[in-house]
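The figures that follow rest on heavy atoms only: side chains count, while hydrogens, waters and symmetry mates do not. The sequence lines fix the lettering, A, B, ..., with proteins before strands; numbering per chain opens at 1. Everything numeric in this text was worked out from a predicted model, so none of it was measured.
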Amino acid sequence: MFPKSMAAIAAMTIIKQTEGHMRYITIALAKGRLAELSVDLLEQAGLNVEQLREKSRRLIFTDEQNKFKFILVKASDVPTYVEYGAADIGVVGRDTLLEEGKDLYEMIDLGFGACKMAVAGPAHLKGKLDGLSHLRVASKYVNIAKNYYRFEKKQSVEIIKLNGSVELAPLVGLSEVIVDIVESGKTLKENGLVVLEEICDLSARFVVNRVSMKMERERILNLVEKIKTLL
Amino acid sequence: MSNWRLYTPEGTTDLLPKQCAEKTAVESEISDVFSSYGYQVVETPVMQFYDAYDTPISKMEQEILYKFFDKEGRIMVLRPDVTTSLARMVATKLSGGPFPLRLQYSGKVFRYVESYSSVQREFCQSGIELLGVKNSMADCEVILCAMEALLACGLENFQIEIGQVEFFKGLVEQASLSEEDAEAIRQLIDKKDTLALREYLKPLSIPKTCRDMMIKLPAWFGGIEVIQQIDAACLNDQSRSALENLKAIYQILTDCGYEKYISIDLSLVKGINCYTGMIFKGITHGVGFPICSGGRYDGLLGEFGAEIPAVGMAIGTDRLISVLIRQELIDLPQGSDLLVYGRDHTQCFKILTALRQAGYTAEHDLSSSSYDEAVSFAEKTNIQGVVRVFDDGSVGIFNLSDGSENITTLEELLQDVSKEHGCDCCHDHH
């Protein structure tokens with residue numbers, strides 16, 4: 001007589017899961033030169049990267065044979081996509097990893113994109129930095145700079161966030177030094193700056209989400225092993 | 001000054017009826033499982049003294065704590081977990097036993113996490129603590145209980161990875177590493193950064209077997225073969241008994257038919273200041289974070305004055321719900337059973353009372369100007385049937401799901417309803 005629903009309300013309806021089909025593994029690549037190098041490497045590792053090679057404005061590409069997806073994101077967003085599991089794997093520079101401070105597995109040092117993170121400034125400051133009572137540091141990498149001074153130098157400094165052309169800051173008196181990536185040192189030299197302290201070495205890393213590593217262990221470890229043999 | 005009156009603070013959220021229904025359903029499924037194991041529900045205050053989180057074992061980074069002062073100038077925190085306050089409660093109020101003591105809780109915890117992330121700062125945990133027993137059976141029970149709770153919520157495709165922090169601690173002991181070196185190595189193992197780990201270990205003068213084990217540690221996860229391949233002869237007692245404990249846990253859970261849900265991960269080395277034995281994490285597709293975690297923490301209660309061994313775990317209910325939604329495992333029926341419409345409101349109230357006593361959820365139509373309007377309201381709100389009280393006392397029942405209509409009298413309806421109700425009573429008597 002009445003619509004039956006008591007039982008339905010009392011218990012949660014549980015829908016059976018669809019199982020059996022292979023999941024896509026998603027790889028996040030940092031747009032730009034790093035992506036090009038990564039694509040070469042992934043191709044050598046046996047993935048079909050044809051779609052990635054085509055000139056287009058698309059952001060998602062697939063390798064249907066091997067069930068891989070590739071997404072192109074801004075370098076600094078790669079760790080975020082991977083941490084949340086939106087991508088299972090990421091290829092990104094160590095500078096970005098250090099700056100973003102995400103909780104990931106750093107499985108492989110890919111070697112390419114090698115450079116250094118360093119403190120740079122005018123040559124006359126060489127060896128005198130520790131004596132300055134108030135040091136202003138300009139950088140795109142505020143977290144790296146903050147952690148370096150806090151944990152390694154044990155020094156309180158003023159950090160100024162800039163978004164580009166950081167070398168300018170000491171020249172116009174915005175800061176005493178900068179923390180930035182140094183590749184050849186050419187840009188520094190042209191602006192009359194020198195490396196004062198080296199912070200760490202940088203290069204591209206192959207990172208994996210903590211859950212994906214376990215849920216897709218075999219396929220991810222296979223790829224890791226293949227890539228390791230290529231390096 | 002900006003005005004925030006229309007917003008919830010970052011990392012907090014309102015739960016609308018549908019979300020609340022999901023949360024209630026999931027929490028009650030979990031709690032029912034806990035209760036079936038004999039875990040009794042307890043509560044601790046959301047506000048705690050900061051000091052509880054400032055002992056060597058219970059230490060939390062102060063950056064993640066929500067802190068404020070009380071009137072006497074003492075530092076207060078919004079609890080970042082329930083376990084610590086529960087440990088304090090047991091150590092100060094229930095230390096006399098009898099043990100084992102099984103306690104469960106469900107409540108909100110608060111942690112300052114990075115803004116602009118989808119991680120909530122206020123979130124819910126449902127968990128258990130098994131106090132007063134230090135053996136592998138207790139470890140097993142807690143893992144089993146976690147798995148049963150996840151299964152009860154409909155989650156099928158998950159993995160529980162089990163580690164043992166004493167294994168790593170034993171290696172540190174054997175290699176006589178300094179605190180700083182041990183922490184640096186722990187971090188590298190945790191990140192699976194084998195290359196940096198190898199570089200870090202190079203200049204240290206430690207036994208070769210220890211070094212080799214540490215380098216291999218990040219790769220030691222998988223099935224039971226992970227443990228079987230380790231040469232126990234070159235381990236110290238601490239590491240060896242850690243492996244024995246893991247083996248025992250794995251064996252029991254396998255024998256009970258849970259092998260497909262469990263794996264071993266010796267590189268789980270997080271939270272080692274608190275944990276003193278088995279630790280585990282529950283993971284699944286769709287979220288990049290664990291949905292539950294737990295472990296043995298025999299030292300924690302000692303910080304509050306009673307040396308009582310303990311093992312426990314917590315499920316992040318918000319995360320679990322988002323997984324269930326994403327994997328399409330949760331579908332709650334919405335809306336009440338019946339809507340009662342009529343102009344004679346006294347009759348309506350009588351009918352409503354009778355319906356409710358018979359176990360139906362029934363709403364009173366308070367504002368519709370016509371029957372059609374009442375039906376349309378019922379459709380919008382997923383109410384399954386409309387009871388129409390005519391002026392002559394007859395009653396119509398319209399079933400929205402199949403479109404059927406039934407006309408009866410008020411007396412008959414009340415009789416039918418009370419008969420159903422009465423039947424239950426009779427049933428109980430026999």
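Looking at Asp88(A), there are no atoms closer than 4.5 Å to chain B (heavy atoms on both sides), in backbone or side chain. Interface remark: Asp190(B) contributes backbone and side-chain atoms alike to the contact with chain A (heavy atom separation under 4.5 Å). Proximity to chain B is absent for every atom of Ile108(A), based on heavy atoms less than 4.5 angstrom apart.
Of the residues considered (Val208(A), Thr80(A), Asp103(A)), Asp103(A) shows the highest number of contacts with chain B, using heavy-atom pairs under 4.5 Å. Chain A forms the most heavy-atom pairs under 4.5 Å with one residue out of Thr284(B), Asp402(B), Leu188(B), and that residue is Thr284(B). With respect to chain B, the highest number of heavy-atom pairs below 4.5 Å among Glu83(A), Glu216(A), Met215(A) belongs to Met215(A).
For Arg217(A) and Phe221(B), the positive end sits near the middle of the six-membered ring, less than 6.0 Å away and at most 45° from its axis. Cation-pi geometry between Lys69(A) and Phe61(A) is not met at under 6.0 angstrom from the ring centre and within 45 degrees of the axis. Judged by a 6.0 Å distance limit and a 45° cone about the ring axis, Arg219(A) is positioned over the six-membered ring of Phe68(A).
Between Tyr261(B) and Phe158(B), the ring planes are parallel. Angles under 30° get that label, and only those over 60° would be called perpendicular.
Exactly one of Leu47(A), Ile60(A), Thr26(A) qualifies for a side chain to side chain contact (heavy atoms under 4.5 Å, CB included) with Phe70(A). That residue is Leu47(A).
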